[in-house]
Amino acid sequence: MKVIQGLVLALVGIVALALGLLVMTVVAPTSGAIARADGQVQGAPAGYQQWLVRGRAECGEPELTPALLAAQIDAESHFNARAVSPAGALGPAQFVPGTWAMYGRDSDHNGKADPHDVGDAVMAQARYMCSLIKQAKSSAISGDVRELALAGYNAGWDTVIRYQGVPPKSFARGETYNYVHSIMSAMKRFEAPSPVQASGSGSGSGSGSGGSGGSGAAALRKATGRLGTPYAWGGGSPQGPSTGFCDDVNGYAGGRCLASTTTGFDCSSLVQYAYWPAVKLPRTASEQYAATAQHPVARADLQPGDLLFWRHGRTGSIYHVALYAGSGHVLHAPRTGRLVETAQIGSAAPAGDYLGATRP
């Protein structure tokens, strides 16, 4: 529960919020390792997980991980969306009305900004924490910026300034001190290993445009940096995510054109982005298959960065492409309303639609 969260409004109002979808920081793993991506989270209720990942992606500060956000919500409300504190803090992220007015938005697009809605609450929490992390980085206060931001969230940034760090146990009977240290200790419970295998020499046919110099592994590492980016039908380019568009069928969610207001990738633009400029693949999934079909790969021989394709029925058009991520998983942009994610091959698309794999 917050001590004086509402008092931070005037002080943080000038802080610029991170609204764009920024590249996530990913450290290249050592040879043969399975890399843990900061976009992964475990232990949080299913309804929270996509929002924890999306909140991290919209911020772009590497310190703000889904695991940190999850541990904070656990401390605030134990993931109770209907929580109301004696001080009037609302929802899973425990916002007081004044702070909610600054950070709350209709992130789940249900027609209202509500601190009890999981999506709205988590995204507002991420915006607030993002602004506090930026405040901590720009200040002259020493210490872990995550701890400083958590202290600001709980007790107000003015309190962090007053004590030039996390307030001591003597402040507010140790509430803020214990709040910060319990969340930092709990983060490990919410960190999940990623199945993305982005190391080694990578794929490469030795005779195609990809060669044998590791273009597949490099492409997978690049795509891993976009975990948590929203799906946008028609969006994305070799330069990064962009807003999409709707046609007669695609790009809609809940009866509205979501693609035109979403900055992200669709399945084929993510693949194109991942390989560019080492391998300049065409834009659509069907074109990408045609450009790489001369280098087919059997399921048992898949390597990181290989392309997997699905089509409608036995003779229908190709509608989906994904990057092989290792360990029987793919990395892909699944569909409208979802985020770039890793998934088991069998759950990425209907098994009966699987066409095959190729190596650029």
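Note: hydrogens, waters and symmetry copies are ignored here, and every other heavy atom, side chains too, is used. For the single chain, residues carry numbers from 1 onward in sequence order.
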Would T358 and D306 satisfy side-chain contact (heavy atoms from CB on, under 4.5 Å), going step by step from the backbone distance to the final call? CA-CA 6 Å; T358 66; D306 286 345; over 6 Å; no

Minimum-distance pair of heavy atoms, taken over all atoms of H332 and A322: CB-CB, 3.5 Å

Should Y289 and L307 count as side-chain neighbours, where that means a heavy-atom distance under 4.5 Å? no

Minimum-distance pair of heavy atoms, taken over all atoms of G305 and P360: O-CD, 4.3 Å

Is there a donor-acceptor pair under 3.5 Å between the side chain of S242 and the backbone N or O of G236? yes

Ignoring hydrogens and geometry, is there a side-chain-to-backbone donor-acceptor pair from Y324 to G328 under 3.5 Å? yes

L281 and V271, any side-chain heavy atoms less than 4.5 Å apart: yes

Report yes if some heavy atom in the side chain of V145 is under 4.5 Å from a heavy atom in the side chain of Q135; otherwise report no. no

Taking every heavy atom of A155 against every heavy atom of T176, the minimum-distance pair comes out as CB-OG1, 3.4 Å

Point-to-point distance, once rounded to the nearest 0.5 Å, from CG of L227 to CD of E341: 9.0 Å

Nearest-0.5 Å distance, CZ of residue F95 to CD of residue Q125: 6.5 Å

Presence of salt bridge, R105 and D114, under 4.0 angstrom: no

Please name the pair of heavy atoms, one in L220 and one in A325, separated by the smallest distance, quoted to 0.1 Å. CD2-CA, 3.8 Å

Please confirm whether the backbone N or O of E191 pairs with a side-chain atom of Q42, one donor and one acceptor, at under 3.5 Å? yes

Please check if the distance between the ring centroids of Y163 and F171 is under 6.0 Å. yes

Is the backbone of D120 close enough, under 3.5 Å, to the side chain of D106 for a donor and an acceptor to pair up by distance? no

What I'd like to find out is whether the side chain of F309 reaches to under 4.5 Å of the side chain of H320, using heavy atoms alone. no

Value rounded to 0.5 Å, distance of CG in L52 from CD1 in I73: 5.0 Å

Would you say S327's side chain and H329's backbone share a donor-acceptor pair under 3.5 angstrom? no

Y354 ring centre to R299 NZ or CZ under 6.0 Å, with the angle to the axis within 45°? yes

Is Y177 reachable from M187 through a run of I, L, V, M, F, W or Y residues, each pair having side-chain heavy atoms under 4.5 Å apart? no

Determine whether L64 and L69 make a side-chain contact, defined as any pair of heavy atoms from C-beta on separated by less than 4.5 Å. yes

Quick check: is I133 connected to I141 through a chain of hydrophobic side chains (ILVMFWY, heavy atoms under 4.5 Å apart)? yes

Hey, mind stepping through R283 and S268 against side chain to side chain donor-acceptor pair (under 3.5 Å) and telling me if it holds? CA-CA 6 Å; R283 175 61 175 81; S268 56; 2.8 Å; yes

Just verifying a value: how many Å separate R335 CZ and Y319 OH, rounded to the nearest 0.5 Å? 10.5 Å

Look at the side chain of Q164 and the backbone N and O of I161, then say whether any donor-acceptor pair between them is shorter than 3.5 Å. yes

Linking I/L/V/M/F/W/Y whenever their side-chain heavy atoms sit closer than 4.5 Å, directly or via other members, would L90 and V96 fall into one cluster? no

Exam field: side chain E76 to backbone P92, donor-acceptor pair closer than 3.5 Å: no

Are there more than 12 heavy atoms of other residues, nucleotides or ligands under 6.0 Å from atom NZ of K137? yes

A side-chain contact here means heavy atoms from C-beta on lying under 4.5 Å apart; do W157 and L132 qualify? yes

Taking L339 as the starting point, is it possible to reach L68 by hopping between hydrophobic residues whose side chains are less than 4.5 Å apart? yes

So, does S269 use its side chain to make a donor-acceptor pair with the main chain of G235 at under 3.5 Å? yes

Please round to the nearest 0.5 Å and tell me the distance separating atom CZ of R359 and atom CD of Q294. 12.5 Å

Is it possible for you to say whether F79 and M123 belong to one hydrophobic cluster, with membership spreading through side-chain heavy-atom contacts below 4.5 Å? yes

Using only atom types and a distance under 3.5 Å, with no angle test, would you say the side chain of Q49 pairs donor to acceptor with the backbone of A44? yes

Should L302 and I345 be marked as a side-chain contact (heavy atoms from CB on, under 4.5 Å) after you check the CA-CA gap, both sets of side-chain angles, and the distance that decides it? CA-CA 12 Å; L302 286 169; I345 292 176; 4.1 Å; yes

Let's go through Q94 and S85 carefully: what are the C-alpha distance in whole Å and the side-chain angles of both, what is the deciding distance for side-chain contact (heavy atoms from CB on, under 4.5 Å) to 0.1 Å, and is it a yes or a no? CA-CA 8 Å; Q94 290 289 276; S85 78; 3.1 Å; yes

Y275 six-ring centre to K280 NZ/CZ under 6.0 Å and within 45° of normal: no

Do Y273 and F265 have their ring centres less than 6.0 Å from each other? yes

Test side-chain contact (heavy atoms from CB on, under 4.5 Å) on S237 and W276 and set out the steps. CA-CA 9 Å; S237 74; W276 204 276; over 6 Å; no

State plainly whether the residues K112 and D117 are in salt-bridge range, i.e. N to O under 4.0 Å. no

Atom pair NZ (K222) and CZ (R226), whose distance is rounded to the nearest 0.5 Å: 8.5 Å

Check step by step if side chain to side chain donor-acceptor pair (under 3.5 Å) holds for Q344 and S347. CA-CA 5 Å; Q344 293 183 344; S347 64; 5.1 Å; no

T229 vs R54 side-chain heavy atoms within contact, under 4.5 Å: no

Side chain to side chain, V330 and L323, heavy atoms closer than 4.5 Å: no

Can you check whether Y103's main-chain N or O pairs, donor with acceptor, with R127's side chain at less than 3.5 Å? yes

Is it true that R56 and E61 make a salt bridge, defined as a side-chain N closer than 4.0 Å to a carboxylate O? no

If I compare all heavy atoms of Y252 with all of T336, which pair ends up nearest, and what's the gap? O-CG2, 3.5 Å

